[in-house]
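Heads up: the structure comes next, in structure tokens.
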Protein chains: 2
Amino acid sequence: MTTGSGYDPDEYPRVAVTVDLVVLTLRDGELCVLLVERGEEPWRGARALPGGFVRPDETLDAAAARELVEETGLRDVPGHLEQLRSYGDPERDPRMRVVSVAYLALAPDLPEPAAGSDAAGASWVPVDQASAGPLAFDHARILADGLERARAKLEYTSLATAFCPPEFTVSDLRAVYEAVWGRPLDPRNFHRKVTGTPGLLADTGRTRAEGRGRPATVYRAGPATGLHPPLTRDG
Amino acid sequence: MTTGSGYDPDEYPRVAVTVDLVVLTLRDGELCVLLVERGEEPWRGARALPGGFVRPDETLDAAAARELVEETGLRDVPGHLEQLRSYGDPERDPRMRVVSVAYLALAPDLPEPAAGSDAAGASWVPVDQASAGPLAFDHARILADGLERARAKLEYTSLATAFCPPEFTVSDLRAVYEAVWGRPLDPRNFHRKVTGTPGLLADTGRTRAEGRGRPATVYRAGPATGLHPPLTRDG
DNA sequence: TTGTTTGTCGTCATCTCGACGATAAAGGAG
DNA sequence: CTCCTTTATCGTCGAGATGACGACAAACAA
């Protein structure tokens with residue numbers, strides 16, 4: 001902030017501040033990220049993270065939430081939204097100095113972004129494919145940081161429920177972990193862990209049959225936000 | 001960032017971007033933070049985190065490192081420096097829109113900032129006192145976030161060594177944990193944990209007598225960066 | 001020499017986890 | 001209806017980590 005010496009608003013370099021979003025969801029058991037196709041230079045035709053400029057009287061969080069609803073075409077902000085980190089290399093945008101505050105959003109399975117809306121040109125891309133293909137600006141780095149944050153937070157928070165609809169089964173939750181971590185988990189040990197963590201799951205008393213197999217108990221997210229001890233990735 | 005539609009550099013609100021620093025160190029076994037006294041309005045006379053504007057051709061990391069050496073008056077950046085998060089409420093600075101990228105720095109016991117240099121007016125303040133007294137702008141919040149980050153990272157990284165000089169004893173390292181967490185740890189269990197973690201400590205083969213008691217083995221920081229499993233705060 | 005202080009090693013009960021066997025409850029094939 | 005497959009859930013066992021704490025080692029002080 002705002003150091004003491006010699007303040008004059010016109011003396012200081014002004015930069016543009018944007019928010020970029022890493023929006024993750026699960027589609028058909030696959031972890032996907034929302035990408036847009038750029039219509040202009042630089043990086044015309046390349047895929048990029050959705051984002052936009054922060055408005056003059058808007059909080060950073062509010063700007064991220066606004067962009068999220070604009071790009072997904074939904075009414076409310078679904079799931080979870082948190083600040084990731086900021087990126088401000090002088091070279092990251094050839095046009096001018098742009099500092100971008102990246103946000104991470106996690107959402108339950110969302111519909112394909114509607115064409116015709118602001119969300120036109122946006123699409124869900126499996127993260128393996130998105131990480132492989134080139135992305136505009138430094139968005140590959142931002143995506144990688146967002147993925148790492150998501151993977152890490154599943155270990156020690158109840159954030160996985162943000163990928164689930166309001167009611168879900170233990171198998172649904174396990175599918176989240178398996179998709180985000182890209183690794184199968186033992187159903188029995190996973191069940192023991194999540195049902196044994198106080199406050200993580202709230203039993204609705206109902207069950208749901210999904211075709212084959214024994215019906216599963218239906219839960220809602222409980223009040224707990226942290227996992228102690230954590231659920232580790234390594235194995 | 002950098003959404004597609006209608007780009008024109010002059011259309012967009014420009015804001016000032018600053019870096020603010022949460023610099024932590026240990027002095028006499030007490031966790032302290034570097035604060036400056038503001039010489040002008042707003043918040044004249046109040047204490048604030050050190051910081052300043054990001055220069056036009058400077059990386060955010062470089063700006064943080066530059067401010068750090070300017071405010072501490074040291075040659076090199078000691079210890080550890082990482083981005084914390086960004087703060088951009090429209091109301092946080094009454095003069096204009098300022099987005100601040102906060103950084104967290106951890107350093108071994110540093111000398112009192114020299115008067116007469118840029119660091120004049122800066123001083124080390126015990127964190128309990130700093131958290132209690134009022135701070136300029138939203139710096140109380142930034143300090144709280146920085147402290148929480150530091151406390152959390154001691155759990156699962158080898159970051160505590162950043163508070164130590166190049167050579168240190170297990171007791172020195174334990175003193176770091178106790179100061180940052182504000183809680184005593186069992187010397188025997190702590191010793192077992194840190195000496196049992198491969199790559200965390202590199203034995204110099206020497207010992208050091210600090211007055212009373214049996215001399216302690218002197219270590220350097222090893223190549224390990226993470227603690228698996230973590231060293232938890234709760235107990 | 002004796003006591004005090006600090007560092008280091010061991011012991012033990014407890015907790016958690018990973019591996020994996022066993023049972024429960026559904027649908028489908030015959 | 002009966003057997004088989006599939007998924008959900010419960011139990012058991014051994015390995016590893018942890019917290020509480022006893023014991024010994026190696027320095028200084030009185």
Side-chain angles (χ1 to χ4, degrees), chain A residues 29 154-156 160 164 167-179 181 183-220 224 226-235, chain B residues 29 154-158 160 164 167-179 181 183-220 224 226-235:
Chain A
L154 287 203
E155 287 192 313
Y156 59 93
C164 294
E167 303 200 332
F168 56 90
T169 67
V170 173
S171 291
D172 293 337
L173 195 61
R174 180 164 49 87
V176 170
Y177 277 89
E178 293 181 332
W181 286 352
R183 168 171 108 74
L185 298 177
D186 184 290
R188 298 158 290 191
N189 292 335
F190 183 83
H191 187 277
R192 176 180 58 189
K193 176 71 178 177
V194 296
T195 58
T197 299
L200 180 60
L201 301 179
D203 195 330
T204 64
R206 282 172 289 116
T207 64
R208 178 204 296 168
E210 299 261 20
R212 278 172 286 284
R214 172 175 170 175
T217 305
V218 176
Y219 296 93
R220 309 182 143 273
L227 262 49
H228 289 296
L231 193 53
T232 56
R233 286 180 265 187
D234 44 16
Chain B
L154 288 202
E155 288 193 312
Y156 58 94
T157 71
S158 61
C164 294
E167 302 200 333
F168 56 91
T169 67
V170 173
S171 291
D172 292 337
L173 195 60
R174 180 164 49 85
V176 171
Y177 277 88
E178 294 181 332
W181 286 351
R183 170 172 106 74
L185 297 177
D186 185 288
R188 298 157 292 190
N189 293 335
F190 183 83
H191 187 277
R192 176 179 60 190
K193 176 70 179 176
V194 296
T195 58
T197 299
L200 181 61
L201 300 179
D203 195 330
T204 64
R206 281 172 290 116
T207 64
R208 177 204 299 168
E210 300 261 19
R212 276 172 286 286
R214 172 175 169 176
T217 305
V218 176
Y219 296 92
R220 309 183 141 271
L227 261 50
H228 289 295
L231 193 52
T232 56
R233 283 180 266 186
D234 43 16

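Below, read A as the first sequence line, B as the second, and so on, with proteins coming before strands; counting in each chain starts at 1. Below, each value reflects all heavy atoms present in this structure, side chains not excepted, and no hydrogens, waters or symmetry copies. Everything quoted here is computed from the prediction, not taken from an experiment.
Straight-line distance from the CZ atom of B:Arg233 to the P atom of D:dG19: 14 Å, rounded to whole Å. Between the CG atom of B:Leu227 and the P atom of D:dA17 there is a distance of 12 Å, given to the nearest Å. Computed from coordinates, the A:Asp234 CG to D:dA15 P distance equals 20 Å when rounded to whole Å. For the pair B:Tyr219 OH and C:dG7 P, the interatomic distance rounds to 12 Å; values are reported in whole Å. Following rounding to the nearest Å, A:Tyr156 (OH) and C:dT16 (P) show an atom-to-atom distance of 21 Å. Going from atom CZ of A:Arg212 over to atom P of D:dT7 covers 6 Å, rounded to whole Å. Between A:His228 atom NE2 and D:dT18 atom P there is a gap of 16 Å when expressed in whole angstrom units. In this structure, B:Glu210 atom CD and C:dG7 atom P are separated by 8 Å, rounded to whole Å.
In this structure, A:Thr197 OG1 and A:Leu227 CG are separated by 5.0 Å, a value rounded to the nearest 0.5 Å.
In this structure, the side-chain contact (heavy atoms from CB on, under 4.5 Å) partners of B:Arg233, at least two apart in sequence or on a different chain, are B:Glu148, B:Arg151, B:Ala152, B:Glu155, B:Trp181.
Annotation: of the two residues near DNA chain D, A:Pro187 and B:Asp186, the 5′-most nearest-nucleotide partner is A:Pro187. Both B:Gly213 and B:Thr232 lie near DNA chain D, and the one whose nearest nucleotide falls closer to the 5' end is B:Thr232. When each of A:Leu231 and B:His191 is assigned the nucleotide of DNA chain C bearing its nearest heavy atom, the one mapping closer to the 5' terminus is B:His191.
You'll find that the side chain of B:Pro229 is closest to D:dT18, out of D:dT18, C:dG18, C:dG7. Taking only side-chain atoms of B:Asn189, from C-beta outward, the nucleotide of D:dT9, C:dC9, D:dA20 with the closest atom is D:dA20. Of the listed nucleotides (D:dG19, D:dC21, C:dG21), C:dG21 has the atom at the smallest distance from the side chain of A:Arg188. With C:dT16, D:dT9, D:dC13 as the candidates, the nucleotide lying closest to the side chain of A:Lys193 is C:dT16. Of the candidates D:dT9, D:dA8, C:dA26, the closest approach to any side-chain atom of A:Pro215 belongs to C:dA26. When distances run from any side-chain atom of A:Thr217 to the nucleotides C:dG18, C:dT8, D:dT9, the shortest one goes to D:dT9. The side chain of A:Arg214 sits closest to D:dA8 out of C:dG7, D:dA8, C:dA26. Among the nucleotides C:dT8, C:dC17, D:dT7, the one closest to any side-chain atom of B:Ala216 is C:dT8.
Taking the charged nitrogens against the carboxylate oxygens, A:Glu167 and A:Arg206 do have a contact shorter than 4.0 Å, which makes a salt bridge.
Across all strands, B:Arg208 comes closer than 4.0 Å to no nucleic acid atom at all (heavy-atom distances). As judged by a 4.0 angstrom heavy-atom cut-off over every strand, B:Gly196 is placed among residues making no nucleic acid contact.
Here the side chains of A:Pro229 and A:Lys193 are in contact, with some heavy-atom distance below 4.5 Å.
An OP1 or OP2 oxygen of D:dA8 is reached within less than 4.0 angstrom by a side-chain nitrogen or oxygen of A:Ser171.
Heavy atoms from other residues, nucleotides or ligands lying under 6.0 Å from CZ of B:Arg208 number more than 12. Annotation: A:Arg183, atom CZ; neighbour count of heavy atoms from other residues, nucleotides and ligands within 6.0 Å is above 12.
Side-chain to base pairing of A:Arg192 with D:dT12: one donor and one acceptor N or O lie within less than 3.5 Å of each other.
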